[in-house]
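First up is the structure itself, then whatever we jot down about it.
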Amino acid sequence: MNEQHPLTQAVVDGRRKEVGALVTQCLEAGESAGSILENRLVPGMMIVGERFKQNEIFVPEMLIAARAMKEALKVLEPLLLVAGVKPEHTAVIGTVEGDLHDIGKNLVAMMWKGANIEVIDLGVNVPAAKFVESVKQHKPQLVGLSALLTTTMPAMRDTVKAIRDEGLAVKIVIGGAPITREFAREIGADGYSPDAGSAVDTAIELLRATA
Ligand code: B1M
């Protein structure tokens, strides 16, 4: 087995109490918040996913690793956010119905906030009707849908359709591990991003186009 960075290993092992201190150590050593996220934390979750796929670990271990990841993100969040002026745009974001994965969605929300977009986070397992209701209530310019399971991709399609059927003028961005640009086109989403960093570029591009 390859030797991992201590922070990556702590995420894999789900050592929640240690990750905060290890993140701080990396920051003190001069590593940027973005690099810690991309090069230390996300690889930990990739290892966890691979081990799960190989039946080396099971749901409880995945959950424990996810909790450790969230602990690390708590330390990084203020550093990933800029002290912005009053947001000019609003986004509603959520993980689609049937899907409980929220780490990627939370990262996108965090990055959008960092880009000075007000974010209304509906959480996980969000039915299409709730997205529609929230768009009507908050009148955002942007909706973000996340899905991590191939089995919840149809819920993403249903959500896009429900928003379109209501004639709501809002741009829809989708993402998540099984999602592709092709799928986004197929279901009529306006944008697709493979990761949280590029989700900011996609959002800005779409918001410019609506301005
Ligand atoms: Co789940 N799980 N899980 N899981 N889990 C995966 C997704 C899986 C790939 C693992 C595997 O088999 N290798 C697999 C899905 C297989 C498939 O569908 N093809 C899987 C499975 C099968 C399951 C269960 C069915 C297991 C079971 O019960 N038998 C179950 C389903 C529960 C449900 O949702 N109904 C389940 C449960 C769980 C936990 C609850 C234990 C836990 C989630 C905890 C949580 O999120 N709070 C969990 C975890 C942790 C994972 C893995 C290991 C890690 C996910 C993660 O957080 N990644 C995952 C394996 C993997 O991804 N390698 C796995 C890190 C995160 C930063 O990346 O979420 O991809 P990600 O987000 C990225 C991009 O995708 C993108 O940007 C993010 C950052 O760059 N992105 C967007 C995401 N959303 C976006 C939205 C955008 C734009 C970009 O615009 C709006």
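Each ligand, and each atom within it, is numbered from 1 in the order the structure gives.
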Other cluster members, L148 - Ile/Leu/Val/Met/Phe/Trp/Tyr, side-chain contacts below 4.5 Å: none

Does this structure show an ion pair linking [X] with [Y], if we count only N-O contacts that are shorter than 4.0 Å?
| X | Y | result |
| --- | --- | --- |
| E205 | R208 | no |
| K136 | E133 | no |
| R51 | E61 | no |
| K130 | E97 | no |

Is there a salt bridge (charged side-chain N to carboxylate O under 4.0 Å, His left out) between R164 and D158 once you walk through the steps? CA-CA 10 Å; R164 300 296 188 220; D158 294 346; over 6 Å; no

Anything with a heavy atom under 4.0 Å from ligand 1 counts, so go ahead and list those protein residues by chain and number. M45, M46, V48, G49, F52, K53, V59, M62, L63, A66, K70, G98, D99, L100, H101, D102, I103, G104, L107, V108, G144, L145, S146, L148, L149, T150, V173, I174, G175, G176, A177, S193, P194, D195, A196

